[in-house]
Structures are given as C-alpha cells and as structure tokens.
Amino acid sequence: MTRLLDIKDLHVGLPAGGQRQYAVESANLHLDANEILCVVGESGSGKSLTARAIMGLLPKPHVHIAKGQVNFQGEDLAAASEARLRQIRGSEISMIFQEPMTALNPVMTIGGQIDEVFRFHEKMPGHERRSRALKLLQDVQLPDPEQALGAYPHQLSGGQRQRAMIAMALALDPKILIADEPTTALDVTTQAQVLRLIKQMQETHGTGVVFITHDFGVVADIADRVAVMQNGLVVETGPTEEVLRRPSHPYTQALMAAVPSLIPRAARPRAEEKVLRVNALTKTYRGGGGLFGGKVRVVHAAKEVTLDLTRGETLGIVGESGSGKSTVARCIVRLNDAEAGEILLGDTDLRPLGRAAMRPHRAKIQMVFQDPFASLNPRSKVGRIIAQGPEMYGASRSEAREKALELLRIVGLDGRAYDRFPHEFSGGQRQRIGIARALALEPEILVADEPVSALDVSIQAQILDLLDEIRDRMNLSMIFITHDLRVAAQVCDRIAVMQSGEMVEIGPTAELFANPQHPYTTELLAAVPGKGWFSADGKALTEAS
Amino acid sequence: MAFWRLFARNRSAVMGMIILILIFLMAISAPLFFPADPFSLAGQSMSPPGENGFLLGSDSLGRDVAAGIAHGAKTSLLIGLLATLVAVFIGVIMGALAGYYGGIVDNLLMRTTEMFQTIPSFLFAILLVAIMKPSIESIVIAIAVVSWPAVARLVRGEFLSLRNREFVLACHTLGMGDVRIMLGEILPNCLSPIIVIGSLMVATAILIESGLAFLGLGDPNIMSWGFQIGAGRTLLRSAWWVCTFPGIAILLTVLAINLVGEGLNDALNPRLRDRS
C-alpha cells in the first residue's frame with residue numbers, strides 16, 4: 001500500500017472572536033491508495049474544512065492552516081505555494097461538491113468544462129481532448145454521452161450532473177478524490193447509484209477517496225476506514241468494521257444510536273373518526289409559453305391523489321424530489337390551489353373556498369416547514385412569531401403572551417426565548433419555535449413538510465420525539481412529508497408512496513415495509529443506505545461494548 | 001449601538017457624516033448669522049472675498065454670497081429630503097404591490113414604471129416644473145416623480161424573492177391578511193437596501209434642484225445654490241467667487257451624502273461586512 005496523504009497535527013484557525021479558536025484541532029489522518037476514508041460528523045464538526053485544507057481551498061485569510069502538515073507523497077501542501085497548489089488541484093487531487101448545480105458553470109457545456117481541465121493541465125490536440133471527454137462520460141455511465149457533452153448543466157438531472165462532476169474530477173486520473181457530501185442533495189435511489197459509481201471508479205483507477213458525509217448509512221455502504229469528527233476533533237478512527245461494530249468513543253455511539261431504525265415501530269390502534277379526506281386531488285403546473293406562445297410545459301404535480309386521515313394518526317407521504325409530495329401538502333393547507341378534487345375537513349370541502357371563506361378553517365390545519373432558517377422572520381422576536389396567530393383570532397395581548405410562553409415550554413424552550421430573535425437559536429431550536437407557532441392556533445391537523453431533513457441526526461431524533469409527544473398530548477392528526485424512509489418508519493402509522501405525481505401505494509407502515517406491493521416501493525426500500533448494517537434495529541449489528 | 005460600530009469602521013463615511021452635520025448646522029443657523037434677506041443688496045457689488053465686509057464676496061447686484069450659501073443650504077437639504085421621502089413612499093408602494101401580487105398587477109405597474117424611465121429624468125423634471133409654476137412644491141413633486149422608479153424596481157425585486165420564503169408562507173397558513181404580511185413581515189426585511197438607496201437619492205435630488213435653479217426654474221423667492229451659480233455664470237472671469245463657493249457647497253454636500261450612503265450600505269449589508 002502506498003501512503004498518499006498523511007495529515008499530521010493539522011490545526012485550522014478561525015477568525016478571532018468566533019465560537020472556538022480552531023475549526024479543526026490537531027487532526028491526524030492518513031489515506032492510502034485504493035482506499036475510501038469516510039470523515040463523518042455533524043454540522044460544525046470541521047469535516048468540510050479538513051477537506052478544504054487538503055486542497056488549499058480555505059476561505060483565506062480568515063480561515064487558515066495555523067499549524068500542522070498535509071503531506072501529499074512527501075510534499076507538505078500546507079507550505080506549498082499557490083502556483084504549486086494550482087498544479088496539483090485537478091491533476092493530482094480533485095474534488096466533487098455537494099451541489100453539482102452550483103459547482104458547475106451554468107453557462108458552459110459539460111463538454112466545455114471537461115475540456116478546460118485538459119487544457120489547463122496538459123497539451124493535446126482538440127479532437128483527442130474531445131474523445132477523452134467522451135470516454136469519461138461513458139465511464140460514469142451517463143445515458144447519452146454524445147448529447148451530454150453538448151448539454152448545459154441545467155439540462156441534466158441532479159444525478160446526471162453529479163456524474164458529470166465525477167467525470168470532470170477523474171479527467172486527469174488524480175491520485176486522490178475528495179468528495180464533500182456528494183450525494184446529500186440527491187434522491188435515495190440516485191444516491192445509491194452514485195455511491196456505486198464512486199466505488200467502481202475508485203476500484204478501477206486505484207484512487208484514494210476522502211469522503212465527507214454526515215450519514216452513517218452511506219459510511220456503512222462505501223467506507224474502508226472511518227474517521228469521526230466532533231467539534232473540530234477527530235474522536236475516533238479505524239476500519240469501518242471495527243468502528244461500526246464496536247464504537248469506542250461515546251460520541252460515535254451516540255451518533256450511531258441516533259440513526260433511525262428501518263424497523264417500523266409497533267402499530268397503534270387506529271381511530272374510526274376521519275378528520276380529513278382527500279379525494280382525487282389534482283394539481284398541474286404549466287410553465288413556458290410566454291408572451292408569444294411557444295411550447296407550454298405541463299407538469300402533473302399531483303394526479304388524483306386520494307387519502308384519508310383519522311384522529312390521532314400520523315400519515316407519512318414519502319417519495320423522491322419531484323414526486324409531488326410537497327405539492328399535496330401545500331394543497332391541503334391551501335398554499336397552492338388544486339384544480340380538481342375534494343379536500344374534506346369534517347364535512348366542508350376546502351378546495352373551492354376563497355381566501356375569506358377559508359379564513360375560519362385556517363386554524364384547524366397548520367404547517368411545519370422544512371428550513372428552520374427560512375421559516376422564521378429574522379426581524380421578528382420569537383414571542384411575536386408565536387403570539388401573532390392567536391392575536392389574529394381574537395386573543396388579547398396578554399392571553400396570547402401566556403399562550404406563547406406555555407407553548408415555548410411545551411416544545412422544550414426557556415421562557416426567555418420570548419424576547420429573543422430567531423438568529424440567536426440553533427437549527428433544532430428554531431424548528432421547535434416553528435412547531436410552537438403551528439400549535440398556537442390549536443390545530444386538529446399538523447402538516448409537517450420535511451421537518452427534520454435540514455437537521456443533524458442527533459437533533460432529528462429529538463424533534464421526532466417532540467412531534468410524537470405533542471401529537472399524543474393534543475390528540476393531533478399529522479401528515480408527515482419525508483424522503484427518508486428511516487424517519488418515516490419511526491413516526492408514521494401509515495405511509496403513502498408517491499412517484500411523479502401519483503400515489504402508487506398506501507398502507508400501514510409495517511405491512512408496507514415487509515411486503516411492498518409496488519415495484520417503486522421495493523426500489524426505494526432497497527436504496528436506503530447502510531441497509532445491511534442498520535437493518536435490524538439500528539444497533540443490532542453493533543456488538544455490545 | 002452595534003450599528004454605529006459597524007458604521008464607524010468606514011472612516012470616509014464618518015467624514016461624510018461630519019460634513020453633513022456641519023452643513024445642517026449651517027442651514028439652521030443661517031438666520032442667526034445672516035438675519036437679512038439673502039436677496040437684499042448688502043453693499044458694494046462685485047466685491048472680492050474678504051473685502052467690504054463680505055466674507056465670500058458679493059455678486060453683480062451686491063448680494064452677499066456667504067449669506068446665499070448659508071440660506072441655500074436649507075433649500076438644498078429640505079428639497080433633497082422631501083423629494084426623497086415622496087419618491088421612496090411612491091416607490092415602495094408600487095414595488096411592493098408589483099412584487100407581492102405578481103402577474104397582471106406586476107405587469108401593469110412595471111410597464112408604468114418603465115414609461116417613466118424612458119424619459120431622461122432631468123429633461124422630465126424641467127418639463128414638469130415648466131408646466132407647473134416654479135415653486136418649492138412643484139420642484140419637490142418633479143424630483144419625486146423622476147426618482148421613484150428606481151425605488152420601485154428595487155422593492156419589487158426584494159418582495160419577489162421574499163414572498164415565497166417559508167416565513168411568509170407560514171403567515172399565509174395562519175390566515176394573515178395581505179397588507180399585514182406586506183407591511184409587517186416583508187417590508188422590515190428589505191428596509192436596509194431602501195435606506196441605502198434613499199440616502200443616495202438625496203444627493204441626486206440636490207443635484208437636480210441645483211440644476212433646475214441654475215436654469216432659472218427654481219422658486220424665485222427662495223435662495224438656492226443653483227440660482228447663485230446661474231446668476232454668477234456670466235461673471236465667471238471677472239468675479240470667480242460668485243460661482244465657485246456655491247459650487248463647492250454643492251460638491252461637498254453631495255460627496256458627503258454619497259459617503260454616508262456608502263457607509264450605510266457597508267453597515268447594513270451583512271455580505272459586504274467582512275470585505276477587507
């Protein structure tokens with residue numbers, strides 16, 4: 001085995017006055033050829049900055065390598081000149097990013113961008129560059145390489161863009177590939193394909209891969225060795241087998257325990273009373289056309305979706321991006337207008353109601369949003385955000401204040417939060433505030449649109465527990481939109497699976513997991529990362545330690 | 001106070017602020033130091049600076065240039081501020097409605113805005129003042145009418161991007177009314193760029209006012225820097241001081257306001273905060 005990379009005592013300094021002095025502190029890592037090293041950690045653990053430090057891509061001068069060495073084949077990159085780093089980047093060490101849409105240049109064709117890599121680093125005639133680019137796109141299994149060469153990034157799907165990025169990164173056969181959360185923005189089936197591709201490419205080229213991720217499932221699927229980071233420190237490293245089976249550091253154990261299990265939780269009795277019935281709900285988006293006609297693009301976001309919700313039940317709607325699950329949620333809370341079908345709340349059909357007629361029913365269906373940073377008005381104090389709902393429905397100022405304070409307590413926040421601004425809270429706390437706002441109107445139905453997908457796993461678990469608790473306490477019914485089957489298994493009594501606007505299957509969670517009827521459900525279940533490791537109950541494959 | 005710390009980091013902005021305060025003090029203390037009407041004949045005509053008791057000289061009719069500058073400061077600041085307030089008011093309403101409702105409303109309002117933008121703004125202002133009688137009100141109206149489209153476009157852009165944010169959607173699910181969402185939720189989030197563009201607009205308004213007064217379209221009863229320059233322009237070679245000092249006053253004021261505007265931009269725009 002050749003040692004490719006040897007990071008010794010790496011310190012990455014942060015600007016003075018920050019949360020901590022070093023983003024990464026005395027990190028010791030190494031990477032051999034033909035090996036995949038997964039660096040795992042939650043947000044703020046310093047995993048991405050470690051990767052960037054290797055490439056010399058830190059946002060200087062505020063963030064810089066304060067101490068330590070990054071030895072790449074005997075050469076210390078921490079001390080290398082910018083010119084030398086430019087030579088190495090792309091040809092010896094290359095990188096792929098989380099969001100291929102922003103990492104690719106939107107006004108250049110894929111072929112043009114791969115061509116650039118060749119032109120910068122090697123001298124070869126145009127036709128040869130083209131044939132090499134074509135070969136690369138074939139290698140990463142893009143469906144139509146010829147066409148992809150002339151395509152612009154926006155003309156490809158997310159998975160195809162990531163494949164194109166991988167092709168670009170591997171163009172000059174680098175010794176090291178650094179992948180910073182390359183599959184986080186992708187759907188689970190696409191993620192499975194891209195992971196397989198990275199593994200395959202790594203094996204055929206003998207590349208060393210540093211793979212940054214927050215997902216233990218992905219680690220289990222792809223890693224040879226694992227390094228776990230927490231608050232800038234590498235707390236545990238070792239072969240995947242060992243770290244996953246016998247995690248020695250308490251943080252690793254906690255992280256692994258927080259990975260939701262794929263075994264559905266015990267079924268609960270289902271109430272008779274139906275609080276919401278949705279019949280043949282249809283929503284179509286029309287785009288394009290424009291002032292002078294032209295081709296109108298029609299997207300069927302929801303095609304005759306039918307479901308019902310009983311009191312106290314949690315119904316999950318799962319699907320990949322573009323499946324229409326969010327559209328259904330937004331039509332139910334009437335943020336979007338569906339063009340056909342019925343939304344029966346009790347006996348009232350909400351769908352045809354105008355804004356004024358809808359108003360008295362608003363309070364009964366409330367929503368929790370995905371992004372805890374965008375869903376709270378940055379200029380409003382937390383207290384106002386929660387109290388304004390009840391005030392609008394006639395509560396006095398002091399009543400609304402009492403109510404808000406009580407809700408803050410219910411969602412597990414201190415009453416002092418009332419007078420503070422959202423930016424003073426972490427993502428998980430903000431999500432609690434969002435939940436408190438939704439509860440302020442005492443709804444019967446809570447629609448949660450991916451409420452935990454922007455959160456770290458350990459916080460995810462807390463928010464899921466909270467949602468469970470308030471559902472029981474307030475006898476709420478919940479519609480829970482998610483793309484994550486593990487999360488769905490833990491919170492949902494029943495699950496509806498959606499694919500390109502259609503509901504392909506609906507059933508009790510346990511039955512659906514054990515015996516999926518539709519091939520798409522089977523495919524989704526098979527694509528869940530880390531199935532082999534965590535399938536039993538999340539921890540069963542971990543030996544007691 | 002955190003805001004002042006950020007603002008004070010920009011040295012030239014603090015400089016501009018000081019100049020601006022001095023000009024403001026000059027404007028409010030003008031009646032104290034120059035109690036006489038600045039249009040009145042104060043003594044020997046065409047006196048160079050420092051002679052015959054004129055600090056900055058006198059013009060062809062024996063009017064005191066220094067008195068004119070002191071009284072003119074009030075005119076410039078007043079018109080600049082008033083015109084900007086009116087322009088921002090119209091611009092915010094038009095932009096907010098267009099950005100928030102989109103569709104037909106947006107189309108109508110924006111085409112109207114574009115109609116205003118097709119006419120060169122200074123010519124348009126001259127036209128408006130010429131149609132109305134030259135007076136302080138007509139000048140304010142004229143400047144506001146030619147300035148609001150820029151605000152409207154800015155506000156529309158902000159509203160367009162903010163209206164689909166989740167916190168606004170959350171207000172919809174609470175059943176909040178449109179006016180309340182626009183004023184209470186969205187507007188506070190786009191105040192910073194409005195303040196910045198407004199502050200820079202005061203400078204433009206002062207320039208337009210001076211230009212109008214220079215062309216003889218100012219309020220005939222109110223002393224103004226532009227009027228002074230206009231009155232002295234034929235004497236530029238024999239009595240340089242008549243044009244020069246009011247010119248310097250305009251230059252300093254506009255420069256100071258621009259510096260302050262730039263400083264506000266740095267302090268209020270978090271993305272620029274750490275540029276070094």
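In what follows, every chain begins at residue 1, and chains take the letters A, B, ... in the order their sequences are listed.
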Please look at A:Phe373 and chain B and tell me whether the side chain, the backbone, both or neither of the residue comes under 4.5 angstrom of a heavy atom of that chain. neither
Give, as side chain, backbone, both or neither, the part of A:Leu335 having an atom under 4.5 angstrom from any heavy atom of chain B. side chain
Between A:Arg334, A:Gln370, A:Gln388, which residue shows the highest count of heavy-atom pairs closer than 4.5 Å to chain B? A:Gln388
Most heavy-atom pairs under 4.5 Å with chain B, out of A:Arg355, A:Met358, A:Arg384, A:Met367, belong to A:Arg355
What do you reckon, is [atom1] of [X] surrounded by more than 12 foreign heavy atoms closer than 6.0 Å?
| X | atom1 | answer |
| --- | --- | --- |
| B:Met110 | CE | yes |
| B:Arg11 | CZ | no |
| B:Phe122 | CZ | yes |
| A:Lys283 | NZ | yes |
| B:Leu251 | CG | yes |

Checking [X] side chain against [Y] main chain: does a donor-acceptor pair fall under 3.5 Å?
| X | Y | value |
| --- | --- | --- |
| A:Arg359 | B:Gly175 | yes |
| A:Arg362 | B:His172 | yes |
| A:Asn377 | B:Phe167 | no |

Where on B:Asp178 is there a heavy atom nearer than 4.5 Å to chain A: the side chain, the backbone, both, or neither? both
Would a 4.5 Å heavy-atom cut-off, applied to side chains only, mark A:Gln366 and B:Leu174 as touching? yes
Please list, chain by chain and in numerical order, all residues satisfying side-chain contact (heavy atoms from CB on, under 4.5 Å) with A:Phe421, sequence neighbours excluded. A:Lys381, A:His423, A:Glu424
Shortest non-hydrogen contact from B:Glu166 to A:Asp371? OE1-N, 3.0 Å
Interatomic spacing from OG in B:Ser192 to CZ in A:Arg379 - rounded to 0.5 Å: 4.5 Å
